[in-house]
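Some notes on the structure that comes next.
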Amino acid sequence: MALRIYNTYTNSVEAFKPLADSKVKMYVCGPTVYNYFHIGNARPLLMFDIFRRYLMYRGYDVRYVVNITDIDDKIIRSANEEKTSTAEVAAKYTQAYFEDCEKLGIRNPDVSPKATDHIDDMIELVKKLVDQGIAYPAEGDVFYDVKKLPQYGKLSGKKIDDLKSGARVEVDKRKKDPLDFVLWKAAKPGEPSWESPWGKGRPGWHLECSVMSMKYLGNTFDIHAGGVDLIFPHHENEIAQSEGATGTRFVNYWMHNGFLNVDGEKMAKSAGNFFTAREILEKYKPEVIRMFFLLKHYRSPIDFSEERIHESQQALSRINSTLANIDIALKEFQPDAKKINGSTIINNLREQFLAALDDDFNTANAMAKIFEMVREANIIMSAEQIQQRDLEALLRIKNTILEFNEFLGIIESEQNKISEVEQKVYLDILVEVRQKLREQKNWKLADFIRDRLVEKGIELEDRKDKTVWKKF
RNA sequence: GGCGGCGUAGCCAAGUGGCUAAGGCGGAGGUCUGCAAAACCUCUAUUCAUCGGUUCGACUCCGAUCGCCGCCUCCA
C-alpha cells in the first residue's frame with residue numbers, strides 16, 4: 001500500500017515518490033497578514049498540517065514550510081485605514097495568525113519565513129532573470145517575459161492565447177505581452193520600499209514564494225500546496241520565476257484544496273461573507289472545526305453553515321462518548337495490554353482507515369472507518385456479559401483511535417478533560433452521596449446535585465448498577 | 001468565450017464496471033431508567049440530475065442536455 005495523491009500539475013492521481021527516500025519537503029502558501037484569517041483560510045492550514053503529520057506518522061521525515069506575506073497592497077491599504085505602519089499591521093496579524101493556528105491545533109511549521117526578511121534574496125532572483133533575458137525592467141518596474149518560458153500555463157492548463165482573449169484587466173502598455181507579470185514594483189510615495197538595481201521598490205506578489213520555498217527546501221522540492229484559487233496566476237507564476245531562474249523542475253506535486261463556500265458562494269474577504277476563525281472558535285471547540293473539515297475530502301468544496309458545524313459536533317461527540325464509555329468499562333477490568341492483538345474486524349478497519357488516507361488523503365472515507373470502530377465498541381459494551389477478549393478488543397479500539405488522533409487532533413487530551421486529579425475525588429464523593437440519597441428516595445436532593453453538576457459541565461448517567469460521570 | 005470541477009437518501013457525504021451503494025446528522029422504533037437526560041441497538045436510497053450509446057452487465061466508461069460552482073483580476 002502506497003500513498004497516492006492528486007497532482008494538479010498532471011491532473012491525475014499519482015503514486016507519491018519523494019526526491020529522497022524518506023524525506024519530504026513541503027511548502028504551503030501561508031497568510032497575507034493584513035487581517036484575521038477566516039475559517040476558509042483555515043482550511044489549507046489545517047488540512048495540510050494534518051497531511052504533513054500523517055506523512056510523519058507514516059515514517060517520513062518532513063520539512064514543512066509555510067510563508068508569511070508581510071508586505072503587499074492589502075497590508076498597505078490596511079495600514080492606511082488603521083492609520084499605522086505596514087510593519088505594525090503585519091506584526092499584529094502575524095501574532096494573531098500564530099495564536100489562531102495554535103487554538104485550532106495546527107502545529108507550527110518548521111520554518112515560517114517572512115517576505116520582508118528575504119528582500120535581498122528576491123532581488124537576487126529578479127537579477128538572475130533579468131540577466132538571462134527572461135525579465136525586463138521598465139521605469140522602475142521589472143516584468144517577467146512570459147513568452148520566454150515554453151511551459152507557461154502548464155499547471156493551470158491554460159494556453160497563452162486563451163488567456164489573452166479572456167483578459168478582463170486593462171493592459172499595462174509597457175508589457176511585451178499582456179500576461180507578463182510584475183516581479184518588482186517601483187515605489188510609490190508613502191509606501192514602504194527597498195533599494196534595488198532598478199531603484200526603490202518592493203517585490204511583486206509571487207516572488208516571495210519562489211524565493212523562500214527554494215531557499216528552505218532547495219530548487220526542486222516535493223510538495224507545494226494551497227487553495228485552488230492560487231493555481232492561476234500565483235502558482236503558475238511561481239513556476240515561471242523558479243524554473244526560469246534555475247532551469248530545473250520546481251515542484252513535483254501540486255496539491256490544492258477546495259473552497260469553503262457560504263450559501264454556495266466562495267467565502268472571501270472581498271465579498272464580506274466571512275467568519276474569522278476567532279469568531280468561530282468562540283462558539284465551537286477546535287476539535288469540532290477539525291472534524292468539520294475532516295468529514296469532507298480536501299479537494300471538494302464545503303458549504304459552511306452553523307448547521308454543518310453542529311452536525312460535526314454531534315458526530316464528534318459520538319466518538320467521545322464511546323471512548324469515555326470504554327474507559328469506564330476498562331476501569332473495572334484491566335486487560336493485559338501486552339496480549340492485545342485485536343480481532344480481525346478491528347484490524348481490517350484499521351487497514352481500511354490507512355488505505356483511505358493513502359488514497360489521495362481521503363479523510364471523509366477514513367472517518368467512516370473510525371465510526372465503524374465506534375459501533376463495534378458499542379456493540380461489545382451493550383452485551384449482557386463482557387468477556388476478557390471483549391475488553392481486549394475495546395482497548396484495541398481505543399488505542400487505535402488515539403493513535404490516529406496523533407495527526408487528526410479531534411480528541412481532547414485527558415489533561416484537558418480533567419484538569420485536577422482532586423476534582424475526581426470530590427466528584428466521586430458527590431456521586432456516592434447522591435447514591436445514598438437515591439436509595440432513600442430523596443429524589444429532590446439527588447436531582448439537585450445532578451442539575452448543579454450539569455451547570456458545571458459534568459454529566460451524570462444512572463446506569464443499571466452504578467452512576468458514572470462525564471465531563472462534556 | 002476558454003479551462004477545470006460538481007449533481008448519490010430529508011440534509012451532509014464516501015464509493016464502485018457485476019458482490020449488502022460506506023459513514024455522519026436528522027427522523028422512527030426499542031433497550032436502560034424513580035423521573036429525566038444521556039448513551040446504546042435496530043430501521044431509514046430497488047437507486048446514484050436527464051436522455052441516449054458502448055457492454056452479457058453502468059450509478060461507475062462515452063456523447064448530448066439541464067442545473068450548480070470555481071479559475072481566467074486581489075483571493076486559501
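Order of the sequence lines fixes the chain letters, A, B, ..., with proteins taken first and strands second; residue numbering starts at 1 for each chain. Note that the structure is predicted; figures quoted are calculated from it, not measured. Computation of the quantities below employed the complete heavy-atom set of this structure, encompassing side-chain atoms and omitting hydrogens, waters and symmetry-equivalent molecules.
The side chain of A:Ser300 contributes an N or O atom lying less than 4.0 Å from OP1 or OP2 of B:rA14. Not one side-chain nitrogen or oxygen of A:Arg308 sits closer than 4.0 Å to the OP1 or OP2 atom of B:rC11. Here A:Asn365 does not reach the OP1 or OP2 of B:rA14: none of its side-chain N or O atoms lies under 4.0 Å away. At B:rC40, one or more side-chain N or O atoms of A:Arg318 fall inside 4.0 Å of OP1 or OP2 (strictly under the cut-off). Remark: A:Asn378 is not in phosphate contact with B:rA39, judged by side-chain N or O atoms under 4.0 Å from OP1 or OP2. Within the structure, a side-chain polar atom (N or O) of A:Gln314 is placed less than 4.0 Å from OP1 or OP2 of B:rG26.
Between the side chain of A:Asp447 and the base of B:rG34, a donor-acceptor pair under 3.5 Å is found. If you check distances only, the side chain of A:Arg299 never reaches the base of B:rG5 with a donor-acceptor pair under 3.5 Å. The base of B:rC35 is paired with the side chain of A:Asp462 by a donor and an acceptor separated by under 3.5 Å.
For A:Arg450, taking side-chain heavy atoms from C-beta onward, the closest of the listed nucleotides B:rC35, B:rA39, B:rC41 is B:rC35. Distance from the side chain of A:Glu461 is smallest to B:rA38 among B:rA38, B:rG34, B:rA76. Taking only side-chain atoms of A:Glu311, from C-beta outward, the nucleotide of B:rG23, B:rG70, B:rC25 with the closest atom is B:rC25. Comparing B:rG23, B:rA76, B:rC40 by their nearest atom to the side chain of A:Glu372 picks out B:rG23. Residue A:Lys158 places its side chain closer to B:rC3 than to any other of B:rA22, B:rC35, B:rC3. Out of B:rA76, B:rC25, B:rA22, the shortest distance to the side chain of A:Arg43 is found at B:rA76. Of all nucleotides listed (B:rG34, B:rA22, B:rC41), B:rG34 comes nearest to the side chain of A:Arg434. Nearest nucleotide to the A:Ser321 side chain, out of B:rG23, B:rA39, B:rA76: B:rA39. The side chain of A:Lys266 has B:rA76 as its nearest neighbour among B:rA14, B:rC40, B:rA76. For A:Lys369, taking side-chain heavy atoms from C-beta onward, the closest of the listed nucleotides B:rA22, B:rC41, B:rA39 is B:rA22.
Base pairing annotation: B:rA64 forms a Watson-Crick or G-U wobble pair with B:rU50, both donor-acceptor distances under 3.5 Å. With a cut-off of 3.5 Å on both Watson-Crick or G-U wobble distances, the partner of B:rA39 is given as B:rU31. In this structure, B:rA21 forms no base pair with any nucleotide, since neither Watson-Crick nor G-U wobble geometry is met with both distances under 3.5 Å. Applying the Watson-Crick and G-U wobble criteria (two distances, each under 3.5 Å), B:rU55 pairs with nothing in any strand. In this structure, B:rC71 forms a base pair with B:rG2, meeting either the Watson-Crick or the G-U wobble geometry with both donor-acceptor distances under 3.5 Å.
Separating the C1' atom of B:rG26 from that of B:rU16 is a span of 27 Å, rounded to the nearest Å. Nucleotides B:rU60 and B:rU55 are separated by 13 Å at their C1' atoms, to the nearest Å. For the P atom pair drawn from B:rA58 and B:rA39, the interatomic distance equals 44 Å after rounding to whole Å. B:rA22 and B:rG30 have their P atoms separated by 26 Å, with the value rounded to a whole Å. B:rC74 sits 49 Å from B:rA38 when the C1' atoms are compared, rounded to a whole Å. Annotation: B:rA37 and B:rC48 have their P atoms spaced 40 Å apart (nearest Å). B:rU42 and B:rG34: their P atoms are spaced 25 Å apart (whole Å). Remark: the separation of the P atoms in B:rG24 and B:rU44 is 13 Å, to the nearest Å.
In this pair, A:Phe371 does not lay its aromatic ring on the base of B:rG24; centres under 5.5 Å and planes under 30 degrees do not both hold.
Between A:Phe181 and A:Phe143, the gap from one ring centroid to the other reaches at least 6.0 Å. In summary, the aromatic rings of A:Tyr298 and A:Phe51 are positioned with their centroids too far apart to meet the 6.0 Å limit. Residues A:Phe250 and A:Phe221 place their aromatic rings such that the two centres sit under 6.0 Å apart.
Whole-Å rounding puts the A:His297 NE2 to B:rC12 P distance at 19 Å. For A:Ile319 and B:rG23, the CD1 to P distance is 14 Å, given to the nearest whole Å. Between the CD1 atom of A:Ile328 and the P atom of B:rC40 there is a distance of 12 Å, given to the nearest Å. As rounded to whole Å, 16 Å separates atom P of B:rC69 from atom CG of A:Leu260. Atom pair A:Leu179:CG and B:rC71:C1' shows a separation of 14 Å (rounding to whole Å applied). As rounded to whole Å, 14 Å separates atom C1' of B:rG27 from atom CD of A:Glu307. One atom, CE of A:Met255, and another, P of B:rG4, lie 21 Å apart when rounded to the nearest Å. Protein atom CZ of A:Arg438 is 10 Å distant from nucleotide atom C1' of B:rC35, rounded to whole Å.
At the heavy-atom level, A:Asn325 lies under 4.0 Å from the strands shown only through sugar-phosphate atoms. Among the atoms of the strands shown, only primed sugar atoms or phosphate atoms (P, OP1, OP2) are found under 4.0 Å from some heavy atom of A:Gly226. Among the heavy atoms of the strands, none lies under 4.0 Å from A:Met381. Nucleic acid contact class of A:Leu230 (heavy atoms, under 4.0 Å, all strands): sugar-phosphate only.
Using a 30° and 60° split on the angle between ring planes, A:His118 and A:Tyr216 fall in the perpendicular class, above 60°. Taking the six-membered ring for Trp and thresholds of 30 and 60 degrees, A:Tyr152 and A:Phe232 have ring planes more than 60 degrees apart, a perpendicular arrangement.
Applying the salt bridge (Lys or Arg N to Asp or Glu O under 4.0 Å) test between A:Asp145 and each of A:Lys176, A:Arg174, A:Lys175 identifies A:Lys176 as the sole match.
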Could you give me the CA-CA distance, side-chain angles and deciding distance for A:Ile319 and A:Phe371, then say whether side-chain contact (heavy atoms from CB on, under 4.5 Å) is met? CA-CA 7 Å; A:Ile319 299 173; A:Phe371 285 107; 3.7 Å; yes
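Distance check: A:His235 NE2 to A:His256 NE2 gives 4.5 Å after rounding to the nearest 0.5 Å.
Using a cut-off of 4.0 Å between Lys/Arg side-chain N and Asp/Glu carboxylate O, A:Lys185 and A:Glu191 are scored as not salt-bridged.
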